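What you see is a predicted model, and the numbers here were worked out from it, not measured in a lab. Numbering of residues begins at 1 and proceeds along the displayed sequence.
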Amino acid sequence: MAKGDNILIYIRDDVYIDYQKFVVDKNVMSIESFASKHIRRDVVDMIIAQQALILGGFSHQFHYATGKVNFRNTKMLQNGELLISFDTYWLADAKAIEDKVYISDAVIRNGEYIAGMYTSINNHKALAVKSINDLKDLTAVSTPLWRTDWQTIQSLPLKKVTREDSWLSMARMVNLQWIDFLLMPFNSTPDQSFTIDKIHLVPVKNIGVLLKDSRNFVISKKHPKGEEAFIAINKGLKILRQRGAIRKAYIDAGFIIENDNLTIINP
């Protein structure tokens with residue numbers, strides 16, 4: 001395939017590092033098990049997107065550029081510089097720009113996204129939470145740029161919610177105990193802890209927070225291959241859904257929790 005046929009995809013640095021560690025030299029289509037210390041929700045998203053596109057007949061190759069691209073990605077999708085976000089969007093966020101993007105079928109369905117309250121291993125006050133009534137003296141951090149996260153956090157009876165638009169900065173603030181917790185997908189490590197650089201966060205044990213929305217892929221309407229990719233990804237997602245592969249992938253990754261001991265504090 002000619003190099004000119006390669007499609008540039010922007011990926012956040014830390015996601016791409018974990019993606020490379022997980023995939024190594026495997027063919028993406030051969031991946032069926034997602035149990036690994038390097039797996040996380042956004043890495044699963046990245047693999048599911050590629051599998052769905054290929055199954056749907058999208059034969060173009062991708063190459064990657066890394067950087068701190070969280071919200072710049074949205075502008076690039078809108079103006080056609082970026083074909084697709086391999087990191088799924090909340091449906092609420094996708095609908096806000098649906099004049100410029102195609103929205104795929106749900107990958108994580110409404111009701112499946114249960115987040116953990118991630119905090120410092122030394123934050124005993126946060127770790128002691130057993131019910132929604134225990135939140136009144138706690139602080140949290142999120143961003144209104146993630147509408148569903150923000151609305152969920154705002155609905156909890158917290159002492160204070162701080163806005164921070166950089167995910168890494170959020171994690172640092174919680175790690176330093178400037179903020180009590182942030183909402184994060186459960187991690188696949190044995191204790192569900194999350195570590196990046198010098199940041200080490202753990203979830204409040206047996207407590208989950210339901211984020212009431214689906215997550216979907218968004219594809220640029222202005223990109224020359226946008227419509228082709230949109231048709232292909234939906235075709236591929238249907239095949240993966242019928243095989244049970246999507247739900248299995250997120251369960252393997254520790255993201256979808258099948259645990260009767262988990263208490264959802266905002267059912």
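Side chain of D45 to main chain of T88: a donor-acceptor pair is present (N/O by atom type, distance under 3.5 Å, no hydrogens or angles). The backbone N or O of I199 sits nowhere less than 3.5 Å from a side-chain atom of D197 that would complete a donor-acceptor pair. Between the K248 side chain and the E32 main chain, a donor and an acceptor come within less than 3.5 Å of each other.
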Problem - Working for side chain to side chain contact (heavy atoms under 4.5 Å, CB included), residues F217 and V107 - result: CA-CA 8 Å; F217 292 112; V107 185; 3.3 Å; yes

inquiry  = Evaluate R40 against D14 for salt bridge (charged side-chain N to carboxylate O under 4.0 Å, His left out), listing each step before the verdict.
reply    = CA-CA 11 Å; R40 47 200 272 196; D14 55 303; 2.7 Å; yes

Does the side chain to side chain contact (heavy atoms under 4.5 Å, CB included) test come out yes or no for D252 and S33, once each step is laid out? CA-CA 7 Å; D252 281 357; S33 172; 4.1 Å; yes

CA sep, side-chain torsions, deciding dist, call: T74, Y89, side-chain hydrogen bond (donor to acceptor under 3.5 Å, both in side chains)
CA-CA 10 Å; T74 298; Y89 274 51; 2.6 Å; yes

*Do K225 and F58 pass the side chain to side chain contact (heavy atoms under 4.5 Å, CB included) test, and can you show the C-alpha distance, the side-chain angles, and the key distance before you say yes or no?*
CA-CA 9 Å; K225 293 186 171 64; F58 193 81; 4.3 Å; yes

Begin from the C-alpha positions of E112 and R109 and carry the test salt bridge (charged side-chain N to carboxylate O under 4.0 Å, His left out) through to its verdict.
-> CA-CA 6 Å; E112 287 184 327; R109 294 170 293 194; 3.0 Å; yes

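Under the 6.0 Å distance and 45° angle rule, R147 does not count as a cation-pi partner of W90. Judged by a 6.0 Å distance limit and a 45° cone about the ring axis, K100 is not positioned over the six-membered ring of Y102. R12 forms a cation-pi arrangement with W167, by the criterion of a distance under 6.0 Å to the ring centre and an angle within 45° of the ring axis.
Of the charged side-chain nitrogens involved, at least one lies within less than 4.0 Å of a carboxylate oxygen, so that D87 and R41 count as a salt-bridged pair. Salt-bridge annotation for K235 and D105: absent, with no side-chain N of the basic residue lying under 4.0 Å from a carboxylate O of the acidic one. One finds no salt bridge joining D134 and K136 here, because no Lys/Arg side-chain nitrogen approaches an Asp/Glu carboxylate oxygen to under 4.0 Å.
Annotation for K198: atom NZ does not count as buried by contact number, only 12 or fewer foreign heavy atoms lying within 6.0 Å.
With ring centers used as reference points, Y64 lies under 6.0 Å from Y16. Remark: aromatic rings of F62 and H60 are distant, center separation not under 6.0 Å.
Remark: the N234 side chain and the S104 side chain contain no N/O donor-acceptor pair separated by less than 3.5 Å.
What you find for A106 and R241 is that their closest heavy atoms are O-NH2, 3.2 Å.
By the side-chain contact (heavy atoms from CB on, under 4.5 Å) test, L8 pairs with Y10, H63, A65, sequence neighbours left out.
Between Q51 and the options V28, L237, I246, a side-chain contact (heavy atoms from CB on, under 4.5 Å) holds for only V28.
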